[in-house]
Amino acid sequence: MGHIAPLDGIRACAVAIVMLSHAGLERIVPGGLGVSAFFFLSGYLITTLMRVEQARTQAVSLRGFYARRVLRIVPPMWITLGLGLLLVLAGVLPASGGNGLDPRGLAAQFLFLNNYTDSFGLSGAVPGMPVWSLAVEEHYYLAFPLLYVAVLRRLPNARAAQLCLALCVLVLLVRGAHALAGDPLDQLYYWSHTRVDSILAGSCLALYRNPVLDGAAAWRPRRCETLLAAALLLATLAIRHELFRQTIRYSLQSLAFFVLFAAVLQSRGRMARFFSSAPLKLVGDYSYSLYLSHLLLLTLVMALTGTASRGAAALVAYPLAFVYAAAMYRWVDQPLARVRRALHRGGYRLRPMAARTVVV
């Protein structure tokens, strides 16, 4: 398949939206939109990679998939969480909630459970760690490959996409049921079973006339469709009613992303040059570590300087986040990426036995 250059630009834009929002611009820059873009991208990319593996080997290695995901997600996250924990133990930062460290809250962060445990009032964890979204993705990564191996790979791609779309509708209905039951609307933003459709929608694009894999059959949005999708995305941000924002908004944003991602991946000319440009590629390469570290460093700078202005603190914290991300990229991300690529090619054997595959 090769490298999909525009995805680097999308990653860069998504992390920039999140960081600007956390810098005190949340009334202008919607940080949640950046998270939803990351979700859609994750679903698209991992499903595309599974399609490639299925076509190349007539098999999908579940063990290989899980090993690659662990190598990608866990080491940078645990390193950053560990540094934050040291700051709390040293008394530089207070634990979240202000009542000291709680082993349960801390374990929930390390084990990708805090998007649920926070709903039950557990605190005492490392502050400034936006790892709830990683919990949503990890829960998806645990379940979706099983669905792909057991069902989706046996169906025509269009039928598989329809099944994923049906699951997206089911998640929307679940959000609505929670709202009608009187559950806290703000928690619907964090729970995996109420947000996973944002990732599933990316899988739909990977399965239905994939802009990267399917050549002449790939779906190419017309200009009017792209403009309508952009208008729809803006409308979801303009409507401020909380019930809308925590229920149907995510579904409409996924629909808009379905068109906009396809347009970017098929783009030519100035748009293609923009999303594939060197500065955006650099930020895209650093995006994961930037996402993990920027809020922690922002919290640290505010604690050390005593400033209550997130904008002023960001002027110091965000350059530090880039330095941290550069170091992580060189000494953690790149070495592990070589191992992941080798696993994908079948060049590494997973002990105690070769990676188990499911053969058609």
Side-chain angles (χ1 to χ4, degrees), residues 15 18-19 21-24 26 31 35 38 69-139 141 186-187 189-192 286-336:
V15 78
V18 173
M19 292 175 71
S21 177
H22 287 160
E26 64 274 7
V35 174
F38 273 127
R69 286 296 87 198
V70 167
L71 289 172
R72 175 68 180 112
I73 300 295
V74 173
M77 176 184 161
W78 281 7
I79 290 171
T80 308
L81 265 175
L83 292 175
L85 178 58
L86 290 177
L87 292 172
V88 174
L89 292 173
V92 179
L93 291 177
S96 61
N99 295 318
L101 285 172
D102 184 332
R104 297 174 301 169
L106 193 60
Q109 280 187 310
F110 276 92
L111 298 176
F112 303 98
L113 296 172
N114 69 308
N115 64 323
Y116 283 104
T117 56
D118 288 355
S119 302
F120 299 102
L122 286 183
S123 58
V126 177
M129 292 297 303
V131 294
W132 70 268
S133 61
L134 301 181
V136 176
E137 292 199 10
E138 285 300 294
H139 299 161
Y141 293 153
D186 59 333
Q187 294 303 315
Y189 179 73
Y190 299 103
W191 293 337
S192 296
Y286 292 175
S287 60
Y288 182 42
S289 293
L290 285 173
Y291 182 76
L292 285 172
S293 66
H294 76 280
L295 194 53
L296 175 66
L297 291 171
L298 189 64
T299 306
L300 175 63
V301 170
M302 293 176 69
L304 293 177
T305 62
T307 180
S309 170
R310 285 184 288 162
L315 296 177
V316 177
Y318 285 4
L320 291 176
F322 271 91
V323 173
Y324 178 81
M328 288 288 289
Y329 182 72
R330 178 170 182 178
W331 287 303
V332 178
D333 293 341
Q334 283 190 310
L336 291 178

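From a predicted model like this one, the values you see are computed outputs, not experimental measurements.
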> Can you name the residues that form a side chain to side chain contact (heavy atoms under 4.5 Å, CB included) with Pro76, not counting sequence neighbours?
Replying inline: Tyr288, Leu292, Met328, Val332, Asp333
> What is the distance from atom CG of Leu113 to atom OG of Ser192, rounded to the nearest 0.5 Å?
Replying inline: 9.0 Å
>> So, using ring-ring contact (aromatic ring centres under 6.0 Å, His included) as the criterion, who are the partners of Tyr189 when residues are at least two apart?
In response: Trp132
> What distance do Leu134 atom CG and His139 atom NE2 have between them, rounded to the nearest 0.5 Å?
Replying inline: 10.5 Å
> Got a sec, which residues hit salt bridge (charged side-chain N to carboxylate O under 4.0 Å, His left out) with Arg69, two or more places apart in sequence or on another chain?
Replying inline: none
>> Does anything in residues 98-113 form a side chain to side chain donor-acceptor pair (under 3.5 Å)? List the pairs, not counting sequence neighbours.
In response: Asp102-Arg104
>> Could you go through Tyr190 and Asn114, starting from their C-alpha distance and side-chain angles, then the distance that decides it, and tell me whether this counts as side chain to side chain contact (heavy atoms under 4.5 Å, CB included)?
In response: CA-CA 9 Å; Tyr190 299 103; Asn114 69 308; over 6 Å; no
>> Strictly distance-based, threshold 3.5 Å: is any side-chain N or O of Ser96 a donor or acceptor partner for the main-chain N or O of Ala125?
In response: yes
> Of all heavy-atom pairs between Leu85 and Leu101, which one has the smallest distance, and what is that distance?
Replying inline: CD1-CD1, 3.7 Å
> Which heavy atom in Leu81 sits nearest to a heavy atom in Phe110, and how many Å separate them?
Replying inline: CB-CZ, 3.7 Å
> Looking at residues at least two apart in the chain, or sitting in another chain, which of them share a side chain to side chain donor-acceptor pair (under 3.5 Å) with Ser133?
Replying inline: Tyr291
>> According to ring-ring contact (aromatic ring centres under 6.0 Å, His included), does anything in residues 298-318 pair up with another residue at least two apart or in another chain? List the pairs.
In response: His294-Tyr318
> For Thr80, what residues pass the side chain to side chain donor-acceptor pair (under 3.5 Å) criterion, not counting sequence neighbours?
Replying inline: Tyr324
>> Suppose we screen for side chain to side chain contact (heavy atoms under 4.5 Å, CB included). Which residues come up paired with Leu93, at least two apart in sequence or across chains?
In response: Leu87, Val88, Pro127, Leu296, Thr299, Leu300, Ala303
> With side chains defined as the heavy atoms from C-beta onward, is the minimum distance between Leu290 and Phe322 less than 4.5 Å?
Replying inline: yes
>> Among residues at least two apart in sequence or on other chains, which ones pass side chain to side chain contact (heavy atoms under 4.5 Å, CB included) with Leu315?
In response: none
>> Tyr286: which residues meet the side chain to side chain donor-acceptor pair (under 3.5 Å) condition with it, sequence neighbours left out?
In response: none
> For Pro335, what residues pass the side chain to side chain contact (heavy atoms under 4.5 Å, CB included) criterion, not counting sequence neighbours?
Replying inline: Arg338
>> With rounding to the nearest 0.5 angstrom, report the OG to CE distance, Ser287 to Met19.
In response: 10.5 Å
> Can you name the closest pair of heavy atoms from Ala313 and Met302 and give their distance?
Replying inline: CB-CG, 3.4 Å
>> Using a 3.5 Å distance criterion without hydrogens, assess whether the side chain of His22 forms a donor-acceptor pair with backbone atoms of Ala314.
In response: no
> Residues two or more places apart in sequence or in another chain: which of them pass side chain to side chain donor-acceptor pair (under 3.5 Å) with Glu137?
Replying inline: Ser42, Tyr141
>> So, taking the atom named CE in Met77 and the one named OG in Ser289, what distance separates them when rounded to the nearest 0.5 Å?
In response: 12.5 Å
> In this structure, which one of Leu71, Val70, Val74 forms a side chain to side chain contact (heavy atoms under 4.5 Å, CB included) with Leu336?
Replying inline: Leu71
>> Give me the atom names and distance for the closest heavy-atom approach of Gly128 to Pro130.
In response: O-CD, 3.6 Å
